[in-house]
Student: 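Before I ask anything, let me first share the structure, which is written out below as structure tokens.
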Amino acid sequence: MSAFYYRCRYFFLPLIFTALGLALSEIYQSDLQAWQGVIEQLPYWLLPAAIAIALQFNRSRLAYLAAIMLAYYLCVTQDLLESALLAQYSQQILLGGAFTIGGFAFIKDRGLLSPHGLVRVLGCGLCLAAGFGWLWVNREFKLQLDEALPAPFNMEVRVLAPLYLCGLLVLIRGLWQTSLVNSAIFITFALWAVQFEFIGLVSLATSMTVLAIIYILTVLTDSYFLAYRDELTGLASRRALYNLVLSLGRKYSVAMLDIDHFKKFNDTYGHDVGDQVLKLVASKIDAVRGGGKAFRYGGEEFTIIFPRKDAQSTLSYLEEVRQTIEEYDIVLRNEQRKSQSKAKRGKAKTNHQQRTVSVTISIGVAEHQSGETFEQTMKRSDQALYKAKKKGRNQVCV
Ligand SMILES: Nc1nc2c(ncn2[C@@H]2O[C@H](COP(=O)(O)OP(=O)(O)OP(=O)(O)O)[C@@H](O)[C@H]2O)c(=O)[nH]1
């Protein structure tokens with residue numbers, strides 16, 4: 001997986017979905033007029049549903065964002081604030097709202113009705129105030145700022161620059177700390193900024209509907225990942241393995257893989273380095289060919305299931321995985337770097353202080369036999385693994 005794809009992976013689907021939603025609503029604008037009443041109702045139902053689901057799964061940032069969007073939508077559609085007032089302060093609302101959304105990219109989910117929740121509400125108020133304040137300063141001191149700053153920094157640029165800067169920071173945050181929630185926050189930011197350009201209730205309702213659906217899908221997908229993905233390695237978890245087992249036919253093979261002497265490795269290099277190695281070994285196991293599906297079974301043990309394959313035909317693929325790991329020189333991140341001063345870090349770089357380590361794995365494989373349960377096949381692959389360990393490790397046994 002290229003580094004670029006890895007960083008952007010959580011952006012693709014939400015962005016495609018958003019672009020598709022907006023494009024379709026623009027293309028079929030005239031047809032949608034007939035459905036205007038229904039479309040305008042959708043945010044009233046979907047945004048509260050998004051709040052409830054986000055709270056249920058402890059994604060308070062998305063709950064806040066859905067609540068803010070709902071409040072704004074109510075203000076616009078139900079005349080909670082006079083439309084003349086909304087129009088007069090539209091730039092302030094755009095900027096204050098953007099700062100508020102941006103702020104959520106830099107905090108953690110820490111509950112809605114908790115002391116942290118109160119701090120967040122205050123934070124939202126401050127962000128909104130910052131938006132209003134920025135425009136007030138620019139209008140109040142327009143002449144002085146025009147004189148003091150070079151020509152490119154005219155009023156419009158001064159107003160919009162913080163918006164773009166904030167958007168850039170939210171994007172960088174989303175790419176730096178990749179997660180579905182962070183990409184949902186970036187899309188909220190983008191839609192918030194864009195919808196001020198498209199005046200009209202249908203386009204606002206479409207944006208809000210798209211956002212609500214993204215929030216709901218984000219929470220559900222994130223929770224699915226939590227339940228079925230191993231947090232450390234990113235591999236499918238044991239729970240996912242037992243889910244797959246339900247759909248296996250009669251013909252399949254089970255391989256058990258175990259890192260050799262990992263206890264000694266941990267004792268020598270420390271648990272953190274052990275974690276790094278587990279992650280890298282997992283990524284090599286995940287790349288297994290031949291239709292194999294990899295899982296972290298627990299600790300330093302992994303399982304690969306080969307649907308519709310007998311044990312003999314899995315051997316070349318397993319041998320390939322074993323060999324790749326044996327030949328892989330793992331470059332360790334220097335954990336001391338974090339605590340080193342910049343000067344010392346530079347020195348470490350010029351001294352080329354990079355540690356590399358390598359590990360090996362043992363593999364046992366067994367194929368399913370008629371009348372056997374999955375657990376019995378797995379037990380036989382475990383026995384084959386034991387055989388591989390006994391024979392000197394770093395090998396595949398049937
Ligand atoms: N760093 C790290 N270590 C783990 C993790 N899970 C299990 N381990 C360690 O893996 C080691 C497993 O050791 P053993 O089961 O004794 O086996 P081994 O040392 O690999 O020896 P053989 O399997 O006989 O080659 C233990 O020291 C565990 O603490 C983890 O998530 N991170």
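Note that ligands are numbered from 1 as they come in the structure, with each ligand's atoms numbered from 1 the same way. The residues of the chain are indexed from 1 along the displayed sequence.
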Student: When you look for heavy atoms under 4.0 Å from ligand 1, do you find them on the side chain of Asp258, its backbone, both, or neither?
Tutor: side chain

Student: Hey, can you tell me if Tyr242 and Tyr297 have their rings parallel, tilted or perpendicular (30° and 60° cut-offs)?
Tutor: tilted

Student: Of all the atoms in ligand 1, which lie at a distance below 4.0 Å from a heavy atom belonging to Arg393?
Tutor: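 By the 4.0 Å cutoff, the relevant atoms are 22 (P), 24 (O), 25 (O).
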
Student: May I ask you to decide if Glu367's main-chain N or O and Asp310's side chain share a donor-acceptor pair within less than 3.5 Å?
Tutor: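 No, the answer is negative, given that no donor and acceptor are paired below the 3.5 Å cut-off.
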
Student: Under 6.0 Å from the OH atom of Tyr328, do we count more than 12 heavy atoms belonging to anything else shown?
Tutor: yes

Student: Is it true that Arg296 lies under 4.0 Å from ligand 1, counting heavy atoms only?
Tutor: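 A heavy atom of Arg296 does come that close to ligand 1.
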
Student: Inspect the surroundings of OH in Tyr164 and state if more than 12 heavy atoms from other residues, nucleotides or ligands are less than 6.0 Å away.
Tutor: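 Count not over threshold, so no.
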
Student: Please could you name the atoms of ligand 1 that Asp260 approaches to less than 4.0 Å, counting only its heavy atoms?
Tutor: 25 (O)

Student: Using a 4.0 Å heavy-atom threshold (strictly under), name the region of Asp272 that reaches ligand 1: side chain, backbone, both or neither.
Tutor: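 Neither; nothing of Asp272 gets under 4.0 Å from ligand 1.
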
Student: Heavy-atom count check: over 12 atoms from other residues, nucleotides or ligands less than 6.0 Å from Glu231 CD?
Tutor: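 No, because the 6.0 Å sphere around CD of Glu231 holds 12 heavy atoms or fewer from other groups.
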
Student: Counting non-hydrogen protein atoms only, what is the nearest one to atom 5 (C) of ligand 1? Give residue, atom name and distance.
Tutor: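 Looking only at protein heavy atoms, the one closest to atom 5 (C) of ligand 1 is Leu278 CD1, 3.9 Å.
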
Student: Counting only heavy atoms from other residues, nucleotides and ligands, does the tally under 6.0 Å from CD of Glu326 exceed 12?
Tutor: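 Atom CD in Glu326 is packed in, count exceeds 12.
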
Student: Group every Ile, Leu, Val, Met, Phe, Trp and Tyr by side-chain heavy-atom contacts under 4.5 Å, then state whether Leu226 and Tyr215 land in the same group.
Tutor: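 Leu226 does not cluster with Tyr215.
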
Student: Run the numbers for me: atoms of ligand 1, each under 4.0 Å from some heavy atom of Gly299, listed by number.
Tutor: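 Near Gly299, meaning under 4.0 Å from one of its heavy atoms, ligand 1 has 6 (N), 7 (C).
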
Student: Which heavy atom of the protein is the closest neighbour of atom 32 (N) of ligand 1, given with residue, atom name and distance?
Tutor: Asp275 OD1, 2.7 Å

Student: More than 12 heavy atoms of other residues, nucleotides or ligands under 6.0 Å from CZ of Arg393: yes or no?
Tutor: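 Counting other residues, nucleotides and ligands, CZ of Arg393 exceeds 12 neighbours.
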
Student: If I apply the N/O under 3.5 Å rule, does Ile259 come out as touching ligand 1?
Tutor: yes

Student: What residue and heavy atom of the protein are closest to atom 20 (O) of ligand 1, and at what distance?
Tutor: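 It is Phe262 N, 2.8 Å.
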
Student: Tell me whether Glu300 has any N or O atom under 3.5 angstrom from an N or O of ligand 1.
Tutor: yes

Student: Check the angle between the aromatic planes of Tyr269 and Phe265 and answer parallel, tilted or perpendicular using the 30° and 60° thresholds.
Tutor: tilted

Student: Has Tyr28 got a side-chain atom pairing as donor or acceptor with Ala23's backbone, closer than 3.5 angstrom?
Tutor: no

Student: Can you tell me the protein heavy atom closest to atom 13 (O) of ligand 1 and the distance?
Tutor: Lys263 CB, 3.6 Å

Student: Give the single entry among Lys279, Lys264, His271, Gln276 that approaches atom 2 (C) of ligand 1 most closely by any heavy atom.
Tutor: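 Among Lys279, Lys264, His271, Gln276, the closest heavy atom to atom 2 (C) of ligand 1 comes from His271.
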
Student: Starting from atom 23 (O) of ligand 1, which protein heavy atom do you reach first, and at what distance in Å?
Tutor: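 Looking only at protein heavy atoms, the one closest to atom 23 (O) of ligand 1 is Lys389 NZ, 2.9 Å.
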
Student: What protein heavy atom lies closest to atom 3 (N) of ligand 1? Include the residue and the distance to one decimal.
Tutor: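 The closest one turns out to be Asn266 ND2, 2.8 Å.
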
Student: Which atoms of ligand 1 are found less than 4.0 Å from any heavy atom of Gly274?
Tutor: 1 (N)

